[in-house]
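The residues of the chain are indexed from 1 along the displayed sequence. Hydrogens, waters and symmetry mates play no part in the numbers below; they use all other heavy atoms, side chains included.
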Amino acid sequence: LPAPKDVMVYSYNFRSLLRWSPVKVDRGLVLYTVHFKTGAFNKWDEMNCTRITQTECSFPMSLKERRWTVVLRVRAELGQVTSNWVETDPFVAERNTTIGPPKVNSVNVSSNSVLISVTPPFGSEAGDVLEYHVSYWENATSTTEKETKTSNTLFKIEHLKELTVYCFSIRVELTTYSDLQLLGLQSVPECHRTTVS
């Protein structure tokens with residue numbers, strides 16, 4: 001039986017799952033079994049994905065520790081026949097997750113400033129330091145982008161011109177307990193016109 005291909009861990013905002021391409025056979029239903037082991041215990045354990053039909057398997061709550069090194073393996077099964085196991089590279093959520101953009105809750109515009117409120121993209125843990133990188137620019141041709149950094153979820157872009165459209169985009173930088181730095185994805189730019197004073 002051919003082994004599953006394209007075996008990859010996908011991780012977004014510390015929610016992780018294993019995915020692979022389906023194994024094609026002429027007849028019969030191919031099932032998949034996934035095991036994991038951590039860096040601390042060199043012993044394969046079952047995940048909640050034994051003889052499943054789906055080609056993905058979410059990490060269980062027991063693997064939510066971000067600093068753990070995890071290796072996963074998957075094989076195809078057809079009746080009594082099994083394929084070889086396919087192992088992943090070691091995965092550490094704290095290094096290998098993709099951090100999404102923060103959620104913009106509200107934008108309040110005045111004549112010379114924009115007040116922005118955001119929610120972080122994931123629940124933080126003890127020792128996390130979150131910083132928001134805010135890029136903003138005047139929505140005219142060939143404008144220079146400015147950047148400001150803040151650790152507050154409510155912040156103001158100041159010294160703006162009145163009756164001018166400004167756009168902004170935000171991304172999160174996470175510095176973890178073990179001093180690793182992860183830069184998140186940029187939010188979709190939002191544009192607002194300042195008022196008249």
Side-chain angles (χ1 to χ4, degrees), residues 4-22 32 34-41 45-50 52 54-74 86-108 114-136 145 147-157 167-192:
K5 288 193 167 65
D6 311 316
V7 179
M8 286 283 292
V9 175
Y10 288 84
S11 183
Y12 189 76
N13 291 335
F14 298 106
R15 286 194 292 277
S16 308
L17 51 83
L18 183 70
R19 283 190 183 144
W20 55 91
S21 298
Y32 304 95
V34 180
H35 289 171
F36 74 91
K37 64 181 178 182
T38 60
F41 296 100
D45 255 323
E46 291 197 355
M47 271 167 69
N48 313 336
C49 298
T50 299
I52 58 168
Q54 305 91 295
T55 55
E56 62 176 49
C57 175
S58 295
F59 281 32
M61 285 305 280
S62 59
L63 284 184
K64 70 178 194 315
E65 286 298 325
R66 296 181 190 170
R67 288 191 280 283
W68 285 2
T69 299
V70 182
V71 177
L72 300 122
R73 68 179 187 179
V74 59
V86 181
E87 281 186 32
T88 64
D89 291 331
F91 170 82
V92 181
E94 193 174 67
R95 288 201 195 105
N96 306 124
T97 198
T98 299
I99 294 180
K103 178 174 178 287
V104 176
N105 301 319
S106 65
V107 178
N108 290 311
V114 176
L115 182 68
I116 303 168
S117 157
V118 297
T119 305
F122 55 88
S124 50
E125 292 189 353
D128 284 354
V129 178
L130 277 185
E131 200 172 43
Y132 298 95
H133 292 234
V134 187
S135 304
Y136 62 99
E145 209 172 282
E147 183 168 279
T148 172
K149 288 182 189 178
T150 175
S151 48
N152 298 325
T153 54
L154 182 66
F155 48 84
K156 202 179 242 185
I157 301 175
C167 301
F168 67 85
S169 175
I170 310 166
R171 57 197 201 162
V172 175
E173 182 176 39
L174 167 67
T175 305
T176 61
Y177 167 82
S178 43
D179 279 342
L180 278 165
Q181 284 178 319
L182 279 175
L183 196 55
L185 303 173
Q186 201 92 31
S187 68
V188 175
E190 264 191 50
C191 301
H192 296 268

Requested in this report: Check ring-ring contact (aromatic ring centres under 6.0 Å, His included) between Phe91 and all other residues, then give those that pass, not counting sequence neighbours.
Outcome: Phe59
Query raised in the report: Who pairs with Glu65 by salt bridge (Lys or Arg N to Asp or Glu O under 4.0 Å), at least two apart in sequence or on another chain?
Result: none
Query raised in the report: At what distance, to the nearest 0.5 angstrom, does OH of Tyr136 lie from OG of Ser169?
Result: 14.0 Å
Report summary line: Scanning both residues in full, the closest heavy-atom pair of Leu17 with Ser58 reads CB-CA, 3.7 Å
Query raised in the report: Roughly how far, to the nearest 0.5 Å, is CD1 of Ile157 from CZ of Phe168?
Result: 6.5 Å
Requested in this report: Using salt bridge (Lys or Arg N to Asp or Glu O under 4.0 Å) as the criterion, list what pairs up with Arg15, not counting sequence neighbours.
Outcome: none
Requested in this report: Please report the C-alpha distance between Asn96 and Val9 in whole Å, then the side-chain angles of each, then the deciding distance to 0.1 Å, and finally whether the side chain to side chain contact (heavy atoms under 4.5 Å, CB included) criterion is met.
Outcome: CA-CA 9 Å; Asn96 306 124; Val9 175; over 6 Å; no
Query raised in the report: Are side-chain heavy atoms of Thr153 and Pro120 found at a separation under 4.5 Å?
Result: yes
Requested in this report: Of all the heavy-atom pairs spanning Lys37 and Phe41, show the shortest one and how long it is.
Outcome: CB-O, 3.8 Å
Report summary line: Taken in chain and number order and not counting sequence neighbours, the residues that satisfy side-chain hydrogen bond (donor to acceptor under 3.5 Å, both in side chains) with Thr50 are Glu46
**Report entry** Residues forming a side chain to side chain contact (heavy atoms under 4.5 Å, CB included) with Pro22, sequence neighbours excluded
**Finding:** Lys24, Tyr32, Thr55
Report summary line: Distance col, row Arg73:CZ vs Glu87:CD, nearest 0.5 angstrom, shows 7.0 Å
Would you give me the side-chain donor-acceptor pairs under 3.5 Å for residues 124-134, sequence neighbours excluded?
from: Asp128; atom 1: OD1; to: Arg66; atom 2: NH1; distance (Å): 3.1
from: Asp128; atom 1: OD2; to: Arg66; atom 2: NH1; distance (Å): 3.1
from: Asp128; atom 1: OD2; to: Arg66; atom 2: NH2; distance (Å): 3.2
from: Asp128; atom 1: OD2; to: Glu125; atom 2: N; distance (Å): 2.7
from: His133; atom 1: ND1; to: Glu147; atom 2: OE2; distance (Å): 3.4
from: His133; atom 1: NE2; to: Glu173; atom 2: OE1; distance (Å): 3.0

Report task. Please identify each residue that fulfils side-chain hydrogen bond (donor to acceptor under 3.5 Å, both in side chains) with Asn48, with sequence neighbours left out. Result -> none
Query raised in the report: Rounded to the nearest 0.5 Å, how far does OG1 of Thr98 lie from CG of Asn13?
Result: 8.5 Å
Report summary line: Closest non-hydrogen contact found for Pro4 with Trp20 is CB-CD1, 3.8 Å
**Report entry** Residue pairs fulfilling salt bridge (Lys or Arg N to Asp or Glu O under 4.0 Å) with at least one residue in residues 179-190, sequence neighbours excluded
**Finding:** none
Requested in this report: Specify the closest pair of heavy atoms between Asn152 and Phe155, including all atoms of both residues, with the distance to one decimal.
Outcome: O-CD2, 3.3 Å
Report summary line: Sequence neighbours excluded, the answer for ring-ring contact (aromatic ring centres under 6.0 Å, His included) partners of Phe14 is Phe122
Report summary line: When rounded to the nearest 0.5 Å, the distance separating CG of Leu182 from CD1 of Ile99 is 4.5 Å
Query - Atom NZ of Lys156: over 12 foreign heavy atoms under 6.0 Å - result: no
Requested in this report: Please round to the nearest 0.5 Å and tell me the distance separating atom CG of Leu63 and atom OG of Ser16.
Outcome: 9.0 Å
**Report entry** Partners meeting side-chain hydrogen bond (donor to acceptor under 3.5 Å, both in side chains) with Thr97 (sequence neighbours left out)
**Finding:** Ser11
**Report entry** Flag if over 12 foreign heavy atoms under 6.0 Å of OH, Tyr177
**Finding:** no
Report summary line: Heavy-atom closest pair (Pro121 atom, Pro102 atom, distance to 0.1 Å) is CD-CA, 4.1 Å
Query - Selection residues 89-103 - residue pairs positive for salt bridge (Lys or Arg N to Asp or Glu O under 4.0 Å), sequence neighbours left out - result: Arg67-Glu94
**Report entry** Shortest non-hydrogen separation from Asn105 to Val118 and the atoms involved
**Finding:** ND2-C, 3.3 Å
Requested in this report: For the pair Met47 and Leu72, evaluate side chain to side chain contact (heavy atoms under 4.5 Å, CB included) and give the outcome as yes or no after the intermediate values.
Outcome: CA-CA 9 Å; Met47 271 167 69; Leu72 300 122; 3.2 Å; yes
Requested in this report: Please list, chain by chain and in numerical order, all residues satisfying side-chain hydrogen bond (donor to acceptor under 3.5 Å, both in side chains) with Ser187, sequence neighbours excluded.
Outcome: none
Query raised in the report: Side chain of Asn108, backbone of Leu115: donor and acceptor closer than 3.5 Å?
Result: no
